[in-house]
Structures are given as C-alpha cells and as structure tokens.
Undergrad: 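After the structure tokens below, expect a handful of questions from me.
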Amino acid sequence: MEESRARLPEGRVTIPSDVVRRAFGDEMVLLNLTSGQYHGLNATAGYMLDLLEDSGDAAATADQVARECYVPVDMVRDDLAELCEQLLARGLISIEAT
Amino acid sequence: VNPALLAAARTLAVDGWTAEAVRELRAAGEHALLLKGPTVARWLYGSSGERTYVDVDILVAGDRLAQTRAILAGLGYELRDPEGEKEFVSGTHAEGWWRRADGAQIDLHHNLPGGDYPEGVVWPLLWARAETMDVAGESVRVLDLPSRTLLIALHAAHHGSEVATPLEDLRRALEQVPDRTWRDAVTIADELTALPQLAAGLELVPGGPELARRLHLPAVAELEATRNRQMAPGFARLGAATPRERLRLMRDAAFPSRAFMHWRVPWSRGSRARLVLAYVYRCAWLATHAAPGWLAWQRARGGEARGPVMRQATRVALVAEIAVAYAQAKLLMRRTDLPRTLERLRRQAPQRPAATADLSAGARLGRIVGRVLARLPTDSRCLIQSLVLTRLLDRRGIPSVLVIGVRPGEDFGAHSWLEVGGQPIQDAGGTDFPRLAEL
C-alpha cells in the first residue's frame, strides 16, 4: 500500500508576525515567539522559505527551485510539501485561503 | 469721579455678568465653577469692599470648552487677542473673552494657574467638592474652602512676588484659614500634582514657610523632582515630618475621608461593603507602589540614600520591587507569549529617546537584578532577568529593547539581554550570540 504523501498547500503561504528568523551562513534560525521554540533550517529549506515568503505560492516556489537547481519538479514538490507540513505544524507558516 | 466708586461699580457689574453667564450655561446644560471674584472678596475681605475685581473667572471641564465658547459667543463675547492673551493670562490654562458693548470680561479657565495639572482630575475633583454661593441673585457653584485656599496659593505662585493682589489674598488666607483647611488643601494639591506650586506660593508671604513646615511640605525643589512620580511626593512629605506626624500622615494616606473615597473610587458609593472594599483596594495599591515611590523619592533627593538606615531601607525596597517584578514576569510568561508579556511589563511605555544617564542607571539596575535573582531561590536565566529589568526600567521611565541572540550550529544556544539607547546594559555574550530579534 502506498504511503500517504504530503501535498503542496493551495492557499497563500505567509510567515506569521510572531515568527522571527535570520540566516547565519548556511543555516537559518527561526524563533516562534508564541511558543518560545527555536528551529533550524538548512540552506535549501531556508531558501525555499524565502521564496515562499516572496511569492506566497508553494507551486510557483517548487517550479522556481526545480528550474534553478536542475532537479525534477516532482521531487521538489514532494520535499517542499513535506517542509510546509512541518513548518505549519510548528506555527512557522500559515496558509490563507485564496 | 471717585476711583473707588468706579471700582465698586465695576465689581457690581462683574457680579451681574457672572450671573448672566452662569444662567446661560446652565440653561444649555453646561456646568461652570466660579473661581475668584466674590468668593475671595467676601471670604477674605468681608464686607469692606476693599477687594474689587474686574473680570469673571470661571472654570469649565476641558472637554466642554467648545460648548462653553459657543455660549459665550452667543452672549456677544469674543475671544480677545488669543495669542497675546495666552501670554498675558499665563500660558494655556485660560483664555480671555470680552464684550464690546459693555466691556464685560470673562477669563475662561479649563485648568488652574501655574502648572499643567491633569485636566482629567482638576474638573471632577473640584466640581465634586463645590459649594453654592448667591451672586447677583443667581445660585453659582464655587470652589469649597480648601480648594479656594489652594487656588489662592497657586495664584500667588503663578504671578510671583511682583503682583500685589494675589500676595495680599494669600497673606490674608494665612491669617484666617485654619491649619486643618490648609491640610485639606494639601490633599487636593497632592491629587492635582500641585504640591510644588503650593509650596512655592507659601514661600512668597510672611509666615508661609512656617505654615509649609507645619504642613510637612518639603523644599519646592524636592517636590518638583518628585512630581508625577507615584507616591514619591508622599514620601517627601513623610521625610519632612516628625515621627509622630508621620504616623498621622500614613493613616491619612491609607484611610482618607469617606467623601474623598467616594470621589476617588466612584464604585465605592452605594454600600458600606463597597466602601470597605475600596479602602482595602487603596491599601493594597499603596503597598504595591510603596517601593518604587520610595526609590523615586530617593533619586529625586539626589541619588544615593543618606545614612545607613536609609540605604538599608532602599535596598530592601529594591529587592521587594525585583521580587514583585519577577512574580509578574513568571506569571505572564506562563499565561501568554513573550511579546504580550513585554507589552504588559512596559505599562508606561516611555516614548522619549534614552539619555546617557539612563544607560548608567540601567546598567546598575541590571547588575542588581542579576545579583538578587542569583541569590533568591528563583529562575535566574537571562530571559527572566531581562524581563524583570524591563519592568524596573519602565517604572523609571527608561525605554529599553529586549534583544534575543542565538549561537547557531550544533552547539546551538540562545541568549537575551536588554539594551538602552542601542547599548547593552546586561551581558550580551560578546560576539557569541549574533542578534536574532529585537523586541
């Protein structure tokens, strides 16, 4: 039986105002001021988050990453969907219905 | 024509204009308090007719100025030289209106002379205490005796030693008004943050400094320095009193009259239980504000407390303040998040830029907070230290920024510290913790 896979969010992706973040070299550190939890992202995930914030569109972000990194878009979509799922669970992004 | 007769005729005319204005205001549903004129003349000069007056001085609530102006305009008055009048009448507490047809003059006050007293307190306090006097056949609301006594002193302080009439009014008030009325005047002045002006007025006349001592009014400079700092003027007065008088002052502060409580805590009206609860609330308020009030007084007196007992008391007060701030911060962090905790701890939220003195005062407080929390059985981590210090600085009107820094990588760590004017006043961890956020 096929394992259920994460799906790209369909609404507009935003970063809540109570989340602060900064890149330190290859690592991005995020702090959710509401939960008080710190989180770390590697360079690729940090880059994806920057793109997500700029465009607000997960599908467009996946396309751009795939184009720039010469990686199959389906693979990027899977990785980005999983990243979004984890960020959402930690309150580091929110999805607004469009 | 005899000038004295002319002055007397003018005085009678002023009474007529007073009655007319009050009648019109009342008909329109507006309230006004007559400040001087016949209230001072009859009270301090009797029927001698010696004290004449040339205009009507009325006080209205600041938020009713527009309506009052419209009514005066309807009576034929016009604003007289607004800019020049402001300078002449003293700043911004009143404006002069006059009527071309008969030369009637009204000084329309929305505050008392000589200071920027809180308008939200001035009107309700004086109105709640007001009495009624017959002026030219009209019932007019006037200041009660303690309020009038205070006004006489403020008026003299405002005009200084060069203007004779306010000084003569004050000299007579000193002769005729008993100390208990002066004590009530001090209570009102305290509410209005007008103690410095009251003390300054008393310095102008013979016998005034002695009365100030009997009223336990410290030097004007000390009162000025403690003005607008909760409870600090009260400590300044305690400092100027004898040990026995201190007990009485403290009793009066904790248990003022029922009428005072009804005015100060409106919900205390209606039942005995409410009144008792209001007294309990007042005592609790005094207890929680005593430490910062004491410290503000100490700072106002010129920095360090004098004498070993005072220094020890100051230390105890500061430790108590830190303990209270710690409890507040822990409770808030348990109930809400960091931004809201900071918002609550910064109740006064000073908007001014930080001064150089703030930096040294903040750093000193930061060291003390660190030492105290380290010795008490408390959480003394950097964030709670920063939160406690935030509260202490806010109480002193010092603006601060909470900085959160992180050490990324496998050896991840986080650190927080406070900054005043862009400079750290707590250990910022050197370069180990680049800043992540400023709150």
Side-chain angles (χ1 to χ4, degrees), chain A residues 9 11-56 61 65 68-69 76 79-80 82-97, chain B residues 326 328-346 349 378-391 400-419 422 424 426 428-439:
Chain A
R12 180 171 177 76
V13 180
T14 59
I15 298 180
S17 60
D18 60 349
V19 173
V20 290
R21 73 187 202 280
R22 185 183 159 187
F24 297 94
D26 286 344
E27 182 181 2
M28 176 179 282
V29 176
L30 296 95
L31 169 59
N32 182 333
L33 292 167
T34 300
S35 67
Q37 295 291 314
Y38 292 89
H39 305 273
L41 293 180
N42 65 21
T44 308
Y47 180 57
M48 285 180 170
L49 184 62
D50 282 342
L51 292 178
L52 275 174
E53 186 185 33
D54 289 345
S55 70
T61 297
V65 172
E68 291 177 359
C69 300
V76 176
D79 289 347
L80 183 58
E82 192 177 338
L83 175 66
C84 286
E85 194 175 82
Q86 294 196 21
L87 293 174
L88 195 60
R90 289 163 176 76
L92 300 173
I93 60 170
S94 54
I95 313 292
E96 294 170 6
Chain B
Y326 174 83
Q328 282 179 314
K330 287 296 276 188
L331 195 63
L332 285 167
M333 283 299 281
R334 195 169 295 170
R335 287 184 176 173
T336 184
D337 55 34
L338 183 59
R340 285 182 187 82
T341 296
L342 280 169
E343 194 180 304
R344 305 258 174 91
L345 294 174
R346 290 174 179 148
T378 54
D379 175 0
S380 60
R381 283 176 293 181
C382 55
L383 182 59
I384 193 73
Q385 282 194 32
S386 299
L387 294 175
V388 169
L389 187 53
T390 297
R391 182 77 197 110
S400 64
V401 172
L402 175 70
V403 181
I404 294 174
V406 291
R407 183 179 55 221
E410 290 184 2
D411 186 25
F412 180 84
H415 181 52
S416 71
W417 65 92
L418 276 198
E419 291 187 354
Q426 291 177 298
T431 55
D432 287 352
F433 296 94
R435 59 183 62 215
L436 172 65
E438 295 179 2
L439 302 167

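First the proteins, then the strands, lettered A, B, ... as listed; each starts at 1. Model, not experiment: these values are computed from the prediction.
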Undergrad: For the candidates Thr34(A), Leu30(A), Val20(A), Asn32(A), which exhibits the highest count of non-hydrogen atom pairs separated by less than 4.5 Å from chain B?
TA: Thr34(A)

Undergrad: Rounded to the nearest 0.5 Å, what's the gap from CG on Leu338(B) to CG on Leu31(A)? Could you check?
TA: 8.0 Å

Undergrad: Heavy-atom pairs under 4.5 Å with chain A: which of Pro434(B), Pro339(B), Ala414(B) has the most?
TA: Pro434(B)

Undergrad: Any chance CG of Asp54(A) has more than 12 other-residue heavy atoms, nucleotides or ligands included, within less than 6.0 Å?
TA: yes

Undergrad: Quick check on Leu439(B) against chain A: is it the side chain, the backbone, both or neither that has a heavy atom closer than 4.5 Å?
TA: side chain

Undergrad: Which answer fits Arg340(B), side chain, backbone, both or neither, if we ask what part of it has an atom under 4.5 Å from a heavy atom of chain A?
TA: neither

Undergrad: Surrounding CD of Glu82(A) (heavy atoms of other residues, nucleotides or ligands, distance under 6.0 Å), is the total greater than 12?
TA: no

Undergrad: Determine the minimum heavy-atom distance between Gly409(B) and Glu27(A), stating which atoms define it.
TA: N-OE1, 2.8 Å

Undergrad: Roughly how far, to the nearest 0.5 Å, is NE2 of His39(A) from CZ of Phe412(B)?
TA: 9.5 Å

Undergrad: For side-chain contact (heavy atoms from CB on, under 4.5 Å), just list the numbers for Asp337(B) and Leu33(A), CA-CA rounded to whole Å, side-chain angles, deciding distance to a tenth of an Å, and then say yes or no.
TA: CA-CA 7 Å; Asp337(B) 55 34; Leu33(A) 292 167; 5.8 Å; no

Undergrad: To the nearest 0.5 Å, tell me how far Arg22(A) CZ sits from Ile404(B) CD1.
TA: 13.5 Å

